[in-house]
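Working notes, beginning with the structure itself.
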Amino acid sequence: MAQYKSDLIQTLTARGFLHQCTDLAALDAKAASGPITAYVGYDATADSLHIGNLVSVMMLHWLQRTGHRPITLMGGGTTKIGDPSGRDETRVLVDDATIRARMASQQTAFRRFLNYDSSATGAVLVNNADWLDDLQYIPFLRTVGPHFTINRMLTMDSVKLRLEREQPLTFLEFNYMILQGYDFVELNKRFGCTLQLGGSDQWGNIVQGVELGRRIANAELFGFTCPLITTSSGAKMGKSVSGAVWLNGDKFSPYDYYQFWRNAEDGDVGRFLNLFTDLPLDEIARLEKLEGAEINDAKKVLALEATTLLHGAEAATDAAETARKTFEQGGVGDDLPTIDIPTAELKAGIAVWNLFQRAGLAESNGEARRLIRGGGAKMNDERCADENATVTLDAVKDGIIKLGAGKKRHAIIKVAG
RNA sequence: GGAGGGAUGGCCGAGCGGUCAAUGGCAGCAGACUGUAAAUCUGCCGACUUAUGUCUACGAAGGUUCGAAUCCUUCUCCCUCCA
């Protein structure tokens with residue numbers, strides 16, 4: 001194992017966060033000699049962070065834990081431009097009110113991983129709209145424009161790929177990397193920020209900032225990127241049975257979050273333990289040795305630890321308990337999604353397929369019917385054979401009806417009123 | 001400004017007057033096998049209380065036709081070449 005002088009670089013590299021760095025040795029020396037300030041930028045592309053943002057948040061998390069100061073830069077300004085990196089299509093432009101609401105909503109997740117206190121290593125929250133919104137075009141162009149050549153910009157992947165694929169790239173988007181570069185320099189000026197972290201797709205944008213800093217502020221800036229996380233079977237991370245994996249609990253419950261990690265592929269467990277938990281390396285090394293069915297123990301640890309980080313110990317143990325009851329005992333856990341149905345309605349009888357649809361286990365009545373027809377629907381642990389069956393109070397046991405769609409999706413019907 | 005080409009279901013991509021709710025592939029869901037894994041095989045995959053039924057859908061709006069995703073007109077957007 002390579003040894004580094006600073007806890008920061010030692011930790012990040014040992015845990016698998018390093019993809020590229022502008023000057024690893026110099027950064028290591030700098031981090032070893034004293035606290036540094038580093039940032040990651042997040043555009044308001046949704047009202048919650050998602051699993052794809054988590055790696056960079058974890059980098060900030062470790063940065064803070066190793067004695068440095070993290071900045072979370074909210075892209076209140078850059079969101080109005082739209083980062084073309086890694087996409088073929090222009091982002092849909094959103095209005096100010098939406099951006100503000102999204103940024104506020106994203107905060108809840110950040111606060112789970114970072115301490116925004118007033119100490120020397122307290123995380124700082126900034127919004128680049130603070131300086132980008134009021135930029136004056138001509139002075140801005142004269143300041144940064146001379147330091148960017150079109151020749152160079154055209155070689156950037158974000159631009160090059162778009163052009164190669166003959167997809168349009170608007171002038172608006174073309175400016176994104178310049179503004180991101182400007183952000184870095186501005187953060188350096190305001191907070192002495194010398195390091196920008198990000199996903200590997202941000203490399204080009206980050207390097208532009210590093211170079212701009214050297215040219216107009218004579219500052220020594222660093223860039224550090226982490227690999228884009230995919231599952232070992234090559235799929236992009238972040239999809240689950242219910243769609244995107246959001247970090248906000250109201251969009252994606254702690255139980256679902258737990259299950260997401262619990263269902264990780266075998267080949268990902270070790271890597272994910274390193275990236276997404278706080279567990280010490282030797283403990284991870286022990287868990288990585290597990291093989292065959294025993295690897296499930298490692299997955300449980302992964303799920304519990306990852307969920308604890310985001311939702312807290314209580315929510316995590318509740319989720320684990322629900323999963324244990326549901327999967328290992330065939331029982332009913334408290335955290336399963338629950339819907340209420342009035343007694344009167346049930347007395348009159350409800351079609352099975354409608355019940356599945358209402359419980360959120362099927363998008364439409366038709367899908368519910370198909371589910372039943374395909375043999376994937378279960379009520380009180382018994383396979384539903386007749387798609388036209390009617391459910392009445394007879395099905396209620398201890399005040400509830402347990403529904404299952406496939407092996408992994410469960411819901412509870414509570415009889416109310 | 002001129003000349004061509006294109007817009008199809010979550011994505012890619014066939015169809016080019018009826019047999020089209022639309023071939024294929026990917027993604028997704030379910031079943032089998034397992035370890036709440038992967039791989040593999042099988043089924044499903046617009047909506048509707050399921051109906052040899054109705055409705056909505058092939059960029060938008062009109063039109064031709066017994067009948068249009070398919071033909072015509074106009075519009076919108078995109079691409080390529082020329083100026």
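As the structure is a computational prediction, the values presented were derived from the model and not from experiment. Naming convention: chains lettered A, B, ... in sequence-line order (proteins, then strands); numbering from 1 in each chain.
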What parts of residues 370-388 of chain A reach RNA chain B, counting only heavy atoms under 4.0 Å away?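 The stretch gives A/R370, A/L371, A/R373, A/G374, A/G375, A/G376, A/R383 as the residues lying under 4.0 Å from the strand, ordered by number.
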
With rounding to the closest Å, how many angstrom separate the [atom1] atoms on [N] and [M]?
N: B/C58; M: B/A21; atom1: C1'; value: 10 Å
N: B/C79; M: B/A27; atom1: P; value: 30 Å
N: B/A47; M: B/U56; atom1: C1'; value: 7 Å
N: B/A60; M: B/G10; atom1: P; value: 13 Å
N: B/A68; M: B/C16; atom1: C1'; value: 10 Å
N: B/G24; M: B/U73; atom1: P; value: 34 Å
N: B/C44; M: B/A38; atom1: C1'; value: 22 Å
N: B/U54; M: B/A22; atom1: P; value: 15 Å

Mind calculating the distance between [atom1] ([X]) and [atom2] ([N]) to the nearest angstrom?
X: A/E363; N: B/A30; atom1: CD; atom2: P; result: 12 Å
X: A/L361; N: B/A30; atom1: CG; atom2: C1'; result: 13 Å
X: A/N365; N: B/G46; atom1: CG; atom2: C1'; result: 14 Å

Please determine, for the side chain of A/W353, which listed nucleotide (B/A47, B/U49, B/C29) has the closest atom?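 Ranking B/A47, B/U49, B/C29 by closest atom to the A/W353 side chain puts B/U49 first.
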
Please give the nucleotide sitting opposite [N] as a Watson-Crick or G-U wobble pair, both distances under 3.5 Å, or none.
N: B/C29; value: B/G43
N: B/U49; value: none
N: B/U23; value: none
N: B/C77; value: B/G6
N: B/U70; value: none

Using a 4.0 Å heavy-atom cut-off to protein, can you give one letter per nucleotide of nucleotides 34-40 of chain B, 5' to 3': B if the base is in contact, S if only the sugar-phosphate is, - if neither? BBBBS--

Using atom types as modelled and distance alone, determine if a side-chain donor or acceptor of A/T22 lies under 3.5 Å from a backbone N or O of A/G223.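 Pair found, side chain donor or acceptor close to backbone of A/G223.
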
Indicate the ring-plane relationship of A/W261 and A/F272, choosing parallel, tilted or perpendicular according to the 30° and 60° boundaries.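 Ring orientation, 0 to 90° scale: perpendicular.
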
Cationic N near anionic O, under 4.0 Å, A/K378 to A/D381: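 Looking at A/D381 together with A/K378, the answer is no, because their closest N to O distance does not fall below 4.0 Å.
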
Pair A/D96 + A/K80, salt bridge at N-O below 4.0 Å: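 Yes, charged N to carboxylate O under 4.0 Å.
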
Please check if any side-chain donor atom of [X] sits under 3.5 Å from a side-chain acceptor atom of [Y], or the reverse.
X: A/Q180; Y: A/Q202; value: yes
X: A/T143; Y: A/Y182; value: no
X: A/S6; Y: A/D28; value: yes
X: A/T78; Y: A/D183; value: no

Would you classify A/G406 as touching base, sugar-phosphate or nothing, given that sugar-phosphate means primed atoms plus P, OP1 and OP2, and contacts are heavy atoms under 4.0 Å?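 Sugar-phosphate contact only - A/G406 comes under 4.0 Å of backbone atoms but never of a base.
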
Would the A/H410 and A/Y255 ring centres measure less than 6.0 Å apart?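 They do not qualify: ring centres at least 6.0 Å apart.
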
Restricting to pairs with a member in residues 346-373 of chain A, which pass ring-ring contact (aromatic ring centres under 6.0 Å, His included), not counting sequence neighbours? none

